[in-house]
Amino acid sequence: MNFKHLLAAGAAVAFSASVAQAGTLDDVKAKGYIDCGVTTGLAGFASPDDQGNWAGFDVDFCRAMAAAVLGDASKVKYTPTTGKTRFTALASGEVDVLARNTTWTFSRDTDLGFEFVGVNYYDGQGFMVKKDLGVKSALELDGASVCIQTGTTTELNLADYFRANNMSFTPIVIEDNAEARQNYESGACDVYTTDRSGLAATRVVLSDPDAHVVLPEIVSKEPLGPLVRHGDNQWGDIARWTLNALITAEELGVTQGNIGEMASSNNPEIRRLVGAEGDLGAMIGLDAEWAMRAVAAGGNYSEIYERNIGPNTPLQLARGVNALWTQGGILYSPPFR
Amino acid sequence: MAVEAENANFSLSSLWYDKRNRAIVLQIITVSIFVWFVYQIVNNAVTNMENQGLNPGFGFMSQIAGFNPTSPEFNLTSFDVNSSTHGDVFVLGIVNTLLISFVGVILATIVGFVVGVLRLSNNLLIKLLATTYIEVMRNIPLLLHIFIWYFGVVLFLPQLMGALPEGGRGVTGINFLGLDMIFMSNRGINFPSPVLEAGWQVILIAFIAAIAGIVFLSKWAKKRQDETGQIFPVLWASLGLIIGLPILAYFIAGQPVSWDIPQATRFNLKGGASMPGHMMGLLMALVVYTGAFIAENVRSGIQSVSHGQTEAAFALGIRPNVTMRKIIIPQAMRVIIPPMTSQYLNLTKNSSLAVAIGYPDLVNIFTGVSLNQTGNAVEIIALTMLVYLTISLTISIFMNWYNKRVALVER
Ligand SMILES: N[C@@H](CCC(=O)N[C@@H](CS)C(=O)NCC(=O)O)C(=O)O
């Protein structure tokens, strides 16, 4: 090894890292798949089956994006992340997009350098306890041992809630949902707290779901949604409008089943959505039929919801505030024009 | 004339062709490249962080942390969610790391010495047991040890509170000796903690006096043995001093210490102190694992002492266990100490696996949670590295000092 080599190697290391990170779309096209950060396993939201195929509410968003960008919903690499590792994974470029029931907060959006592209589930934090404790309200929980997942908003809300109500607690802090379950089931903690959707997902995999209740209190706002890094607006736009396409499709009655015929629809917004009119796709660097493929991949928002977490799934989550604004909820997509 | 000639000879080429000059030039080049390299990395990180809109700096250390890393009964730095900052999280993390490392090192040393000596026992069964322990334990990855001890042992202890056989709910954990003082459950061990009242310093003074007494006693006993050959039972006398004197002081000073005894509430035991379940699990794992390695060091150390020493001792009529304690082990120490240092360093660094079961050590709460909440990755990782470096260097320095003390004194 002589000096020239050393110098060259040093220079390569030092400078290769400083290449700007724009152009995620080109990177994704070049490598042929989207790297999507998901949970380590949360029934209904993102969990692998025994063959290792991922399925769930968040997974379907990744699939819709892959369909829009690459034309194939299966071109996704799923990277399991914990509450703690997810942000480093996204910031470092290990994943291209994070769809991991992540709460949109001020500091994550600004200080951590991320861009939330919308909300795909409006949630709030709740508490689950064993029925035989006889607890009726979260205000009775003074002195309890509480299982929480580390690196989450849950951790902060919990401290806030107990502070505000002058109560104390013993935190049992764990890395992922599977460990939380073990601690909770063995009685190492009295309470499990997280987003209520997460509680529903955890409850169904407990050995006796009926022995546990979710308390009525909702102690926080948890708008969950996908996010990307700051600094690549085009990629952020693609993610944002893929989500909006799914919501708009529901609003317009466009489904996985009928989207093939929609090019001949005479509703102008449907025509713009499926690319029969205008060139919305070109504005975000994609072809005309991107949104059509996104919806065809797993259906519109409602279809994705009903299949993974809706009333007919084990999770039994009613649409509630997550219904369209036209149906009493707050789900609302800006117009496609 | 000669001087002039030398000056004339000094040309640029001599920087390279003169051997001594070349060495210096090469070193300067190497250092420059290194400095340049470090500068590039730091500069690159700072630029990229700025591009991403992140602002480097240590301002976050004085922001309120807003999360609760530990329970009221296991809170060595009086962390308070209402006011404590990320800086306090840092301090709590360091204290917890030091605690688990310190206790771990002591227990692992005891386990290691006992097993290491037993491995050389003449009793086949004991020897076999010790060998099996060593071979099994050190071949299981540490993370697995931690999982086994926590999820497989600690969590299977009785629940702290539950339905009582006579009806109603109450404490179902193990109540030691039925005293209602010390309880063990899958949440850990709860025990009374002392509350110091006016005048407690007397006890501290008695304790210090006891230590001074022991030092004096052992010097005196050694001198007496050197002169008269009589052996004084220093160990028992010391034990008596260190326990007896403070107790005596406690009563003389009018019992200035009271006890905060754990009381059952609806969910938990309130009051007193606790060693949480995750600490039990982590400690067991670290001790059992590192103990196996230390046992091997001890065995090889003992075997390095020539057998002639034992034979000579026996020929003098010295009993086997005294031979071991007074003749073999002191000589074996020379061989045992250096690898022991690296085991202590390992244990300390391995304690950062705490994160797997939620023990609130530095890596878990500071490098984990604080980093996640503030996003100041580079600063936090740098601080953490600095802490581990400091702890490791301190251990090394101490062990090197100790090694010099036990090394063969050439006469
Ligand atoms: N929404 C909260 C919490 C998100 C979270 O971590 N939820 C847990 C429980 S619902 C989860 O998804 N766990 C899955 C896993 O362990 O990978 C946040 O963004 O901080």
Side-chain angles (χ1 to χ4, degrees), chain A residues 3 6-7 10-11 13-15 17-18 20-21 83-88 91-92 107-108 110-113 132-135 140-148 150-152 155-156 158-160 162-163 168-175 179 182-183 185-191 229-231, chain B residues 29-30 33 36-37 39-41 43-45 47-49 51-55 65-74 81-82 151 154-156 158-163 169 185-188 265-268 270 274 276-278 355-358 360 364-365 368-369 371-375 377:
Chain A
F3 277 117
L6 248 179
L7 273 176
V13 172
F15 293 119
S18 46
Q21 297 174 327
K84 214 153 79 175
T85 58
R86 57 183 156 171
F87 296 129
T88 354
S92 68
S107 60
R108 289 175 178 175
T110 57
D111 194 32
L112 295 194
D132 62 14
L133 279 177
V135 176
E140 296 170 34
L141 293 176
D142 189 15
S145 290
V146 185
C147 277
I148 26 172
T150 180
T152 57
E155 203 161 35
L156 305 174
L158 179 71
D160 281 0
F162 275 70
R163 259 166 84 179
S168 72
F169 66 98
T170 294
I172 309 283
V173 186
I174 47 259
E175 285 272 275
E179 280 179 32
Q182 274 175 304
N183 276 282
E185 284 208 277
S186 70
C189 47
D190 305 298
V191 188
R229 275 181 299 282
H230 266 179
Chain B
I29 293 180
T30 315
I33 291 179
W36 173 82
F37 188 68
Y39 169 78
Q40 284 300 336
I41 289 179
N43 190 33
N44 175 43
T47 320
N48 270 330
M49 278 159 74
N51 285 345
Q52 286 188 24
L54 304 175
N55 24 16
F67 64 96
N68 182 6
T70 192
S71 72
E73 280 77 32
F74 180 67
V81 234
N82 291 306
F151 291 111
V154 174
L155 283 192
F156 278 96
Q159 297 202 1
L160 179 59
M161 313 288 271
R169 281 178 60 83
S185 70
N186 64 5
R187 293 185 184 177
T265 60
R266 185 164 180 190
F267 301 104
N268 259 320
K270 219 180 163 75
S274 86
H278 42 62
V355 64
I357 53 171
N364 187 357
I365 60 177
V369 184
L371 191 161
N372 202 277
Q373 307 288 14
T374 64

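Values below: all heavy atoms of this structure, side chains included; hydrogens, waters and symmetry mates excluded. Reminder, nothing fancy here: chain letters follow the sequence lines and each chain counts from 1.
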Considering only heavy atoms, which portion of [X] lies under 4.5 Å from any heavy atom of chain A: side chain, backbone, both, or neither?
{"X": "B:T265", "value": "neither"}
{"X": "B:P276", "value": "neither"}
{"X": "B:A65", "value": "backbone"}
{"X": "B:V355", "value": "both"}
{"X": "B:A163", "value": "neither"}

Is it the case that the side chain of [X] and the backbone of [Y] share a donor-acceptor pair, with hydrogens and angles ignored and the cut-off at 3.5 Å?
{"X": "A:E155", "Y": "A:G151", "result": "yes"}
{"X": "B:N372", "Y": "A:K84", "result": "yes"}
{"X": "B:N68", "Y": "A:A159", "result": "no"}
{"X": "A:D142", "Y": "A:S168", "result": "yes"}

Any idea which of [options] has the most non-hydrogen atom pairs under 4.5 angstrom with chain A?
{"options": "B:R266, B:Q159, B:R169, B:K270", "answer": "B:R266"}
{"options": "B:N364, B:T70, B:L155", "answer": "B:L155"}
{"options": "B:V369, B:L371, B:T374", "answer": "B:V369"}

Approximate separation, where rounding is to 0.5 Å, of [X] [atom1] and [Y] [atom2]:
{"X": "A:R86", "Y": "A:R108", "atom1": "CZ", "atom2": "CZ", "value": "4.5 Å"}
{"X": "B:M161", "Y": "A:S145", "atom1": "CE", "atom2": "OG", "value": "10.0 Å"}
{"X": "A:C189", "Y": "B:L160", "atom1": "SG", "atom2": "CG", "value": "12.5 Å"}
{"X": "A:R229", "Y": "A:S92", "atom1": "CZ", "atom2": "OG", "value": "7.5 Å"}
{"X": "A:T150", "Y": "B:Q373", "atom1": "OG1", "atom2": "CD", "value": "7.5 Å"}

Where does [X] contact chain B at under 4.5 Å (heavy atoms): side chain, backbone, both or neither?
{"X": "A:E175", "result": "side chain"}
{"X": "A:L133", "result": "both"}
{"X": "A:T152", "result": "backbone"}
{"X": "A:F169", "result": "both"}
{"X": "A:V191", "result": "neither"}
{"X": "A:L158", "result": "neither"}

Could you tell me which of [options] has the largest number of non-hydrogen atom pairs under 4.5 Å with chain B?
{"options": "A:R163, A:E185, A:E179", "result": "A:R163"}
{"options": "A:L156, A:D132, A:V173, A:T88", "result": "A:L156"}
{"options": "A:D190, A:T170, A:I148", "result": "A:D190"}

Decide yes or no for B:F74 and B:P360: does some side-chain heavy atom of the first lie under 4.5 Å from some side-chain heavy atom of the second? yes
What pair of heavy atoms forms the shortest contact from A:G187 to B:N186, and how long is it? O-OD1, 3.9 Å
